[in-house]
Amino acid sequence: MHQLGIPRPELQYRVDLAGGRYALLDFAWPHLGRWQEFDGESKYADPDLLAGRTPEQVLHEQQVREREVIRATGWSVTRHGFAQMATFDAFAAYLRSIYLL
């Protein structure tokens, strides 16, 4: 991201949620009202990361968390994974397509 000239994100940005809980956002640009999450496929397949949950349950929990963060911040979110990062140029094109460049 730095090499692409994107404004420096705040990493693992804490957002306080209802009930005394919080979320840590992978990348946040508070001044832009945006955040971005990196999603690896392993959280849907690795038994240790699933911790007895189904992939569908993990996805549902992720969606609930995302809605809670949006309610708490009013910010927009985008996601990326390894598919968008296959090459430097592919990642640059992805980032340009979403908003930052």
Side-chain angles (χ1 to χ4, degrees):
M1 289 183 186
H2 173 73
Q3 291 177 345
L4 296 172
I6 293 172
R8 184 182 183 136
E10 294 191 37
L11 305 178
Q12 297 300 300
Y13 184 85
R14 181 182 169 133
V15 173
D16 292 320
L17 304 174
R21 296 171 304 113
Y22 65 91
L24 296 175
L25 309 181
D26 291 343
F27 308 96
W29 293 268
H31 65 288
L32 296 175
R34 298 181 185 271
W35 55 295
Q36 189 170 44
E37 293 285 289
F38 173 82
D39 288 331
E41 296 298 318
S42 60
K43 72 177 171 185
Y44 302 107
D46 184 318
D48 290 333
L49 295 176
L50 287 170
R53 299 168 299 166
T54 66
E56 292 79 15
Q57 288 170 316
V58 172
L59 179 60
H60 176 73
E61 291 169 7
Q62 174 182 297
Q63 292 168 338
V64 169
R65 174 185 175 269
E66 182 174 298
R67 286 191 300 269
E68 289 180 295
V69 170
I70 291 169
R71 271 195 301 275
T73 63
W75 301 348
S76 61
V77 60
T78 55
R79 297 184 171 278
H80 72 275
F82 288 116
Q84 291 79 23
M85 298 172 64
T87 66
F88 181 86
D89 289 339
F91 192 47
Y94 171 74
L95 292 175
R96 286 186 185 103
S97 76
I98 56 174
Y99 59 83
L100 293 174
L101 295 176

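In this text the structure is predicted, and so the values were computed from the model without any measurement.
Within a 6.0 Å sphere centred on CD of Glu41, heavy atoms belonging to other residues, nucleotides or ligands number 12 at most. Within 6.0 Å of atom CD in Gln63, more than 12 heavy atoms from other residues, nucleotides or ligands are found, so the atom counts as buried in its surroundings. At most 12 heavy atoms of other shown residues, nucleotides or ligands fall within 6.0 angstrom of atom NE2 in His2. The environment of Arg21 atom CZ is dense: over 12 non-hydrogen atoms of other residues, nucleotides or ligands sit within 6.0 angstrom.
Closest non-hydrogen pair, Gly52 versus Gln57, comes out as O-OE1, 4.3 Å. Across every non-hydrogen atom of Trp75 and Ala28, the tightest pair is CZ3-CB, 4.1 Å. Closest of all the heavy-atom pairs between Val15 and Ala72 is CG1-CB, 3.8 Å. When all heavy atoms are compared, the tightest approach of Asp48 to Asp46 is N-OD1, 2.7 Å. For Tyr94 against Ser97, the heavy-atom pair with the smallest separation is O-OG, 2.6 Å. Across every non-hydrogen atom of Pro7 and Trp29, the tightest pair is O-NE1, 2.7 Å.
One distance of note links CG of Leu24 with CG of Leu11; it measures 11.0 Å at 0.5 Å rounding. Taking CG from Leu25 and CZ from Arg34, the interatomic distance works out to 14.5 Å, rounded to the nearest 0.5 Å. To the nearest 0.5 Å, atoms OH (Tyr22) and OH (Tyr13) are separated by 15.0 Å. The distance from the CG atom of Asp16 to the CD atom of Glu68 is 12.0 Å, given to the nearest 0.5 Å.
Side chains of Trp35 and Glu10 form no contact here, defined as non-hydrogen atoms less than 4.5 Å apart.
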Full working for side-chain contact (heavy atoms from CB on, under 4.5 Å) between Val58 and Gln62: CA-CA 6 Å; Val58 172; Gln62 174 182 297; 5.6 Å; no
Test log, rule side-chain contact (heavy atoms from CB on, under 4.5 Å), inputs Met1 and Phe91: CA-CA 9 Å; Met1 289 183 186; Phe91 192 47; 4.1 Å; yes
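Judged purely by atom type and a 3.5 angstrom limit, Glu37 uses its side chain to pair as donor or acceptor with the backbone of Asp26.
Under a hydrophobic clustering in which Ile, Leu, Val, Met, Phe, Trp and Tyr are joined whenever their side-chain heavy atoms come within less than 4.5 Å, directly or via other members, Phe82 and Tyr44 fall into different clusters. Leu59 and Val69 end up in different hydrophobic clusters when Ile, Leu, Val, Met, Phe, Trp and Tyr side chains are linked at under 4.5 Å.
Ring geometry for His80 versus Phe38: interplanar angle over 60°, hence perpendicular rather than tilted (30 to 60°).
Under a 4.0 Å N-O distance rule, the pair Lys43/Glu61 does not qualify as a salt bridge.
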